[in-house]
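First the proteins, then the strands, lettered A, B, ... as listed; each starts at 1.
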There are 2 protein chains.
Amino acid sequence: MVKQERAARTRQMLIRAAAEVFAEDGFASASLTTISRRAGVSNGALHFHFANKAALAQAVEDDAARILHRITEQAAVDHSCPLDELVDVTHRLVRRMAEDTIVRAGFGLCRDTACPSAAELRGDWQQWVEGRLGQAELDGQLAGDVSAEAAAATVVAATVGFEVLGGRDPRWLSEQRLSRFWDLLLPRLTGPREPAAAGPCGGSGGTPEAS
Amino acid sequence: MVKQERAARTRQMLIRAAAEVFAEDGFASASLTTISRRAGVSNGALHFHFANKAALAQAVEDDAARILHRITEQAAVDHSCPLDELVDVTHRLVRRMAEDTIVRAGFGLCRDTACPSAAELRGDWQQWVEGRLGQAELDGQLAGDVSAEAAAATVVAATVGFEVLGGRDPRWLSEQRLSRFWDLLLPRLTGPREPAAAGPCGGSGGTPEAS
């Protein structure tokens with residue numbers, strides 16, 4: 001059991017080291033020796049856990065996908081309104097991107113031409129955003145002239161942009177920049193509402209009252 | 001003179017071949033032999049024109065920057081209203097990205113971790129978008145609660161997203177998707193206007209009348 005725990009820990013250290021090296025050097029330039037050294041393990045230990053660099057990249061992407069899944073699950077518990085969920089998840093995801101190399105590297109691998117990734121993580125993200133905006137449309141929360149499809153494309157494109165630009169300049173992953181994005185977009189998605197209505201659900205129970 | 005023309009033509013063929021190989025394989029994996037073969041010239045000819053792979057990448061980015069500059073210059077001639085200019089330039093740029101590997105590769109190199117690019121092309125783009133939205137704000141064309149800064153960040157992030165996502169799925173670089181993005185964003189930027197007013201300048205002369 002102790003042996004299994006040690007193996008699981010080594011595997012996790014390798015995934016974290018790989019994420020750092022992928023984020024810094026890109027997939028093609030990343031060297032397995034650099035990764036095993038950074039994880040503080042031998043090349044043999046690396047090859048015991050991962051057949052090749054593509055398997056390591058897949059593990060990074062899988063870990064990032066699990067983190068994304070946990071974030072969306074938590075938001076589904078915390079909110080009853082799909083637009084609140086969407087805004088909250090983008091905030092949690094962008095914060096996590098700024099803090100956690102695995103999430104940043106996972107999304108980065110999706111757009112690395114040299115990486116054989118199927119970009120499933122990005123597909124997951126797009127599908128989730130489309131689902132939430134589709135639900136908001138069904139719930140009658142979108143303005144009459146706003147299509148869920150166009151809204152989803154805009155949110156997906158902008159969040160991908162924040163992630164890419166954040167790789168060179170961390171200000172793109174700041175709370176403030178994302179808040180301003182939503183201050184701009186949200187009133188357009190929901191249409192004119194009573195200013196007193198708290199949150200995009202229009203005070204229909206989605207957002208807890210600030211009292 | 002004939003010799004100079006031939007040299008210029010070889011140089012241009014090398015830049016185009018390099019753009020294709022960078023777009024397909026990424027900077028780190030791109031091989032100079034593949035590039036010279038694709039251009040139909042010898043390795044010696046390549047090294048006569050370019051000292052190394054970084055110099056080739058710089059030439060691709062410079063060419064893409066020149067194309068972007070020509071697009072923005074033309075739009076400045078065609079429109080008197082900064083928001084019309086902005087919408088028109090994004091359409092021309094995205095169309096060009098879909099059609100021209102040099103533009104696509106130029107922007108792609110800006111986000112390639114392995115490439116020593118200074119990402120000036122992306123900086124040029126951001127600066128231009130900020131300039132146009134700043135001008136629109138000065139001209140009183142933005143709604144009272146819309147800041148030029150937030151609008152510029154959203155447009156820059158979304159266009160970077162379109163470019164990145166378009167690398168895997170060309171639908172992201174379609175006219176239709178970009179039009180829907182503007183249908184969503186533009187009414188928010190300008191605020192409520194008379195439906196009869198043609199274009200974001202509100203019929204103030206920015207858009208030619210369709211008659």
- Message: If you apply the rule side chain to side chain contact (heavy atoms under 4.5 Å, CB included), what do you find for B:Trp172 with A:Val156, and how did you get there?
- Response: CA-CA 11 Å; B:Trp172 285 97; A:Val156 169; 3.9 Å; yes
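Side-chain N or O atoms of A:Arg188 include one that pairs as donor or acceptor with a backbone N or O of B:Leu184 at under 3.5 Å. With hydrogens and angles disregarded, a donor-acceptor distance shorter than 3.5 Å links the side chain of A:Arg168 to the backbone of B:Cys110.
Proximity to chain A is absent for every atom of B:Asp145, based on heavy atoms less than 4.5 angstrom apart.
The CD atom of A:Gln126 sits 7.5 Å away from atom CG of B:Asp169, with the distance rounded to the nearest 0.5 Å. Note that CH2 of B:Trp182 and OG1 of A:Thr154 are 10.0 Å apart. Values are rounded to the nearest 0.5 Å.
Your options are A:Ala157, A:Ala23, A:Gly161, and the one with the most heavy-atom pairs under 4.5 Å with chain B is A:Ala157. Contact count versus chain B (heavy atoms, under 4.5 Å) is highest, among A:Ala153, A:Gly167, A:Ser147, for A:Ala153.
Sparse packing is recorded around CZ of A:Arg37, with 12 or fewer heavy atoms of other residues, nucleotides or ligands lying under 6.0 Å away.
Residues of residues 24-32 of chain B lying within less than 4.5 angstrom of chain A, judged on heavy atoms, are B:Glu24, B:Asp25, B:Gly26, B:Ala28, B:Ser29 in numerical order. For residues 60-74 of chain B, a heavy-atom distance under 4.5 Å to chain A picks out no residue at all.
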